[in-house]
Amino acid sequence: MNKPRAEAQILGELEELAASPGFVHAVAQLCQRDNVIHIRGELKPEDMDRLFSKERLIRTELTTLIGLMAKSALDLAPQKPEVIQDYVKRTDALMEELHNAMSYPTFAAMFETAKFGGAPPNPWHGPGMREPIFYGTESAYTFQYRDLASEKYGADDEWMLKNKGFTSGQARVVAKTMCTLMDEKGTRLLVESGIAKASPTTWLPAFEFSMDEVTFHSGVAKEVVDAFFRAFTFSGDNAGFKEAGDFNEVAARPLLPTGRGTVLLFLHYAILEALYESPFFWMWDDKVYRPKAAKHRGAFTEQFAARRLSAVFGPEHVYANVNLFRGKDVVGETDVLVIYGDRLIIVQAKAKKLTIAARKGNDSQLKADFAAAIQDSHDQGWTCANEMLAGGCRLVEDGGNEVALPRSVKEVFLVSLVSEHYPALAFQVKQSLKFQATDVIRPSFVMDVFLLDTLTEMLASPLRLLSYLKLRVDVENKLMSGHELTVLGYHLKQNLWIDEEQDIIMLDDSLARDLDAAMLVRRDNQPGADTPEGILTKMRGTRYESLIKEIENRADPATLELGFHLLSLDEDSCRNVHSLLETITRKTQVDGKRHDVTLASSTHPSGVSFHCNPKPSVEAITTLETHCERRKYAQRAPQWFGVSVGPAGDVQFGVTLDFPWEGSDEMERLTARMKAPLLVRDVLPSLVRDASRMKLGRNDPCHCGSKIKYKKCCMP
């Protein structure tokens with residue numbers, strides 16, 4: 001790799017270019033090119049593809065460009081198309097050169113070490129973190145900044161109204177209106193260019209706003225809109241912005257005054273991120289109000305986590321601000337505690353940001369910020385988990401209500417939660433988090449409020465969310481990804497279970513496109529599919545999906561473990577489960593007798609036995625337990641599951657056997673004549689034979705789960 005020019009030299013040339021006459025028209029064209037998706041009819045995942053192009057400028061690059069332009073007087077002079085195109089071409093080249101310059105120190109060090117035969121150094125510390133911090137994937141969706149801002153600052157509205165002239169709710173309406181107007185203006189220009197069969201001479205009108213039009217379209221009083229404009233309009237010369245990582249005032253005040261009574265806003269993300277982040281710094285400057293602002297900021301994170309988790313688990317399973325007592329001494333405090341069956345989730349929330357010094361690669365500051373935001377919360381969660389598992393600890397909510405723990409705890413999930421965008425969080429966690437774990441206390445899952453919001457939106461049931469937590473921490477050392485949304489997108493497509501033979505998997509950010517599209521449909525009212533095609537859609541309407549829902553409706557440890565097992569299966573195995581259940585329930589419906597079938601893994605020693613009983617009974621429970629014990633022994637499996645369903649497929653009870661296999665003369669005798677269970681690969685042929693013996697009508701749905709009539713599918 002050839003050594004690139006110094007960053008300062010490249011940025012200096014960019015700043016000189018940004019001061020060119022009418023360069024603002026090039027910025028408008030770049031923002032339209034790289035930050036706008038085109039939708040025809042319903043939003044489709046492939047519509048998002050352009051946002052994952054390696055050629056486009058990302059939001060941090062565009063904001064850098066706008067910040068450099070703001071260092072000079074804004075020049076709105078019209079330019080010929082060829083001049084604008086030359087600006088765009090030169091900008092692209094310089095931005096690519098800047099990226100290479102920021103990446104070079106890390107790759108050069110690794111190359112030199114490898115050249116002389118040494119072990120490659122860890123690149124993700126100090127200066128090596130500058131590149132992933134600057135170019136990392138955004139944490140939040142725009143609509144999350146927009147919708148969470150009023151929740152974050154609602155308790156500060158009195159201060160906001162008195163000192164800024166608007167409430168957080170009013171600011172949200174104004175910002176949303178400006179984003180909507182930007183879309184409408186851009187669409188109008190696009191349509192007009194299509195009719196004229198020529199590109200617009202400039203895209204600038206799509207990004208220019210007057211106070212009167214925002215007032216009219218928002219329905220907010222003019223004095224409030226005026227106050228909003230004053231709070232978020234850039235002023236000064238941005239002289240302190242000299243290198244990537246420096247404070248860039250246009251990030252905090254993204255409205256650029258034109259000098260003709262209007263302002264320019266180039267990015268949805270810019271105004272909505274400023275809406276979410278800037279008010280806290282306004283309040284921080286008020287030394288009298290500062291303690292209250294800090295208190296509200298911390299409370300928001302805790303309350304948000306409790307609210308989102310309550311939507312999944314039910315408020316009766318979620319507890320906020322739980323103090324752990326031994327005698328009169330408080331030995332720990334959990335910000336949010338979830339108790340569901342024999343599983344616990346301990347959430348420790350922090351309202352910390354990555355400082356400017358850390359963003360610029362100061363290694364000691366990086367470590368200090370990480371310790372305050374992440375490491376401390378993990379350590380607190382670890383302490384609480386151990387105190388709970390040790391027994392004899394009394395748990396009390398802030399309101400004085402005691403919280404009862406389950407008699408035995410199978411797993412504890414630790415969640416470290418931050419309230420702000422924390423750049424390159426996944427990289428920093430992998431490199432810097434010093435975590436402890438046991439068979440019960442799982443490794444910490446570090447996330448921000450935006451990921452928690454998305455997780456609880458898409459995995460909106462206890463079993464689905466707990467299963468994902470299990471899978472995610474299990475594969476931590478096998479995955480490389482730029483962001484957790486990418487991992488979630490992969491999971492929603494094909495399940496996160498990874499074969500033991502695979503050492504490491506690298507996930508491209510584009511794997512999140514289906515998730516991104518679904519979230520836009522759900523939260524931004526775009527027409528389209530609200531659920532990515534994959535694990536949440538492919539088994540709809542099957543017995544497998546009904547079984548999952550039945551298990552989710554009860555926080556029973558025995559069936560909960562079975563649910564985790566079922567959710568870890570691949571699609572073919574899920575369809576096999578559907579077919580097995582369809583077969584035995586139909587048989588019971590026909591003859592009124594108990595029927596059973598067992599499905600065993602052909603690779604990992606485990607399995608599940610299904611019984612269909614006309615009615616639940618003590619005898620039926622004993623029969624299922626005995627059956628599972630013998631199956632487990634015969635297969636030499638450390639784990640076995642059993643479930644009894646009624647003729648309609650409803651879950652009656654479940655059995656989970658989870659203990660090491662040990663030889664036994666008695667069990668050898670009892671299992672000597674036991675038939676081999678169905679293996680995954682043998683299930684469908686077996687069901688074809690069973691189906692031929694069942695009195696099914698030619699037009700009945702086939703057993704195999706195809707949803708095709710029996711006569712057109714598996715009928716002999």
Side-chain angles (χ1 to χ4, degrees), residues 11-38 50 55-57 59 61-96 177-214 216-217 229 232-238 241 248-250 253-271:
L11 281 168
E13 191 170 333
L14 267 171
E15 183 176 341
E16 184 179 339
L17 175 61
S20 301
F23 183 78
V24 68
H25 299 284
V27 171
Q29 183 168 322
L30 286 165
C31 289
Q32 191 281 331
R33 184 194 73 181
D34 294 341
N35 213 48
V36 175
I37 60 173
H38 299 155
R50 67 184 303 177
E55 307 301 320
R56 69 180 282 263
L57 299 183
R59 195 270 308 174
E61 291 176 302
L62 290 169
T63 303
T64 296
L65 197 60
I66 296 167
L68 292 173
M69 182 178 68
K71 298 182 77 171
S72 303
L74 193 61
D75 186 340
L76 302 172
Q79 300 296 314
K80 294 180 179 180
E82 56 268 27
V83 173
I84 297 174
Q85 198 56 43
D86 179 63
Y87 288 163
V88 168
K89 183 178 180 180
R90 290 165 60 190
T91 299
D92 284 336
L94 287 168
M95 281 298 186
E96 182 178 2
T177 300
M178 295 185 75
C179 293
T180 301
L181 286 171
M182 188 189 300
D183 292 341
E184 292 175 354
K185 292 178 178 185
T187 301
R188 189 158 53 246
L189 277 174
L190 193 63
V191 170
E192 290 172 355
S193 68
I195 294 173
K197 296 183 180 180
S199 298
T201 54
T202 177
W203 287 96
L204 196 62
F207 306 104
E208 187 170 2
F209 306 88
S210 71
M211 190 184 306
D212 287 342
E213 69 174 329
V214 174
F216 174 78
H217 288 281
F229 272 40
F232 289 102
T233 296
F234 171 82
S235 60
D237 57 9
N238 213 17
F241 183 51
N248 185 355
E249 191 180 342
V250 300
R253 299 172 181 267
L255 305 183
L256 303 183
T258 63
R260 57 192 185 195
T262 58
V263 295
L264 297 175
L265 173 64
F266 288 105
L267 304 168
H268 287 194
Y269 210 94
I271 190 62

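Because the structure is predicted, anything quoted here is derived from the model rather than measured.
- With rounding to the nearest 0.5 Å, the separation of OH in Tyr269 from SG in Cys31 is 15.0 Å.
- Residues Leu267 and Pro254 have side chains not in contact (no heavy-atom distance under 4.5 Å, counting atoms from C-beta outward).
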### Message
What verdict does the side-chain contact (heavy atoms from CB on, under 4.5 Å) test give for Phe266 and Leu62, after you've listed the backbone C-alpha separation in whole Å, the side-chain angles of each residue and the deciding distance to 0.1 Å?
### Response
CA-CA 9 Å; Phe266 288 105; Leu62 290 169; over 6 Å; no

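- With hydrogens and angles ignored, the 3.5 Å screen pairs a side-chain donor or acceptor of Thr233 with a backbone N or O of Phe229.
- Heavy-atom minimum distance, Met182 versus Leu265: CE-O, 3.2 Å.
- Contact of the Leu264 side chain with the Leu255 side chain is not registered, since no non-hydrogen atoms from C-beta on lie closer than 4.5 Å.
- For Asn248, the side chain to side chain contact (heavy atoms under 4.5 Å, CB included) test picks out Thr63, Asn238, Phe241, Val250, with sequence neighbours left out.
- Counting only N and O atoms by type, the side chains of Thr202 and His25 include a donor and acceptor under 3.5 Å apart.
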### Message
Set out, in order, the CA-CA distance, both residues' side-chain angles and the distance that settles side-chain contact (heavy atoms from CB on, under 4.5 Å) for Leu14 and Met95, then state yes or no.
### Response
CA-CA 8 Å; Leu14 267 171; Met95 281 298 186; 4.1 Å; yes

### Task
Kindly indicate, with the supporting measurements, whether the criterion side-chain contact (heavy atoms from CB on, under 4.5 Å) is fulfilled by Val263 and Met211.
CA-CA 8 Å; Val263 295; Met211 190 184 306; over 6 Å; no

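- One distance of note links CZ of Arg188 with CG of Asp183; it measures 11.5 Å at 0.5 Å rounding.
- The two residues Asp75 and Val24 make their nearest non-hydrogen contact at O-CG1, 3.4 Å.
- Nearest heavy-atom pair, Gln32 versus Val36, reported as atom, atom and distance to 0.1 Å: O-CB, 3.4 Å.
- Atom CD of Glu13 is separated from atom CG of Leu68 by 12.0 Å, given to the nearest 0.5 angstrom.
- Atom CD of Glu82 has more than 12 neighbouring heavy atoms from other residues, nucleotides or ligands inside a 6.0 Å radius.
- Between the side chain of Ser20 and the main chain of Phe23, no donor-acceptor pair closer than 3.5 Å is present.
- Taken from CD1 in Ile84 to CG in Leu30, the straight-line distance is 10.5 Å, to the nearest 0.5 Å.
- Screening residues 179-198 for ring pair (Phe, Tyr, Trp, His ring centres under 6.0 Å), with sequence neighbours left out, gives no hits.
- Between Asp92 and Arg33, at least one side-chain nitrogen of the basic residue sits less than 4.0 Å from a carboxylate oxygen of the acidic one, meeting the salt-bridge criterion.
- Residue pairs meeting the ring pair (Phe, Tyr, Trp, His ring centres under 6.0 Å) criterion with at least one member in residues 177-203: none, sequence neighbours excluded.
- The two residues Met69 and Leu256 make their nearest non-hydrogen contact at CE-CD1, 3.9 Å.
- Applying the 6.0 Å contact sphere to CD of Glu96 captures no more than 12 heavy atoms from other residues, nucleotides or ligands.
- Looking at every heavy atom in both residues, Ile37 comes nearest to Arg50 through CA-CD, 4.1 Å.
- Across Ser72 and Ala19, no two heavy atoms sit closer than the pair OG-CB, 3.5 Å.
- A donor-acceptor distance shorter than 3.5 angstrom exists from the side chain of Lys185 to the backbone of Glu208, with no hydrogens or angles considered.
- A salt bridge does not link Arg90 to Glu16: none of the charged nitrogens lies less than 4.0 Å from a carboxylate oxygen.
- Glu61 CD to Ile66 CD1: the interatomic distance, rounded to the nearest 0.5 Å, is 12.0 Å.
- Arg56 places a side-chain N or O within donor-acceptor distance of the main-chain N or O of Asp34, the cut-off being under 3.5 Å.
- Expressed to the nearest 0.5 Å, how far OG1 of Thr64 lies from CG of Leu11 amounts to 7.5 Å.
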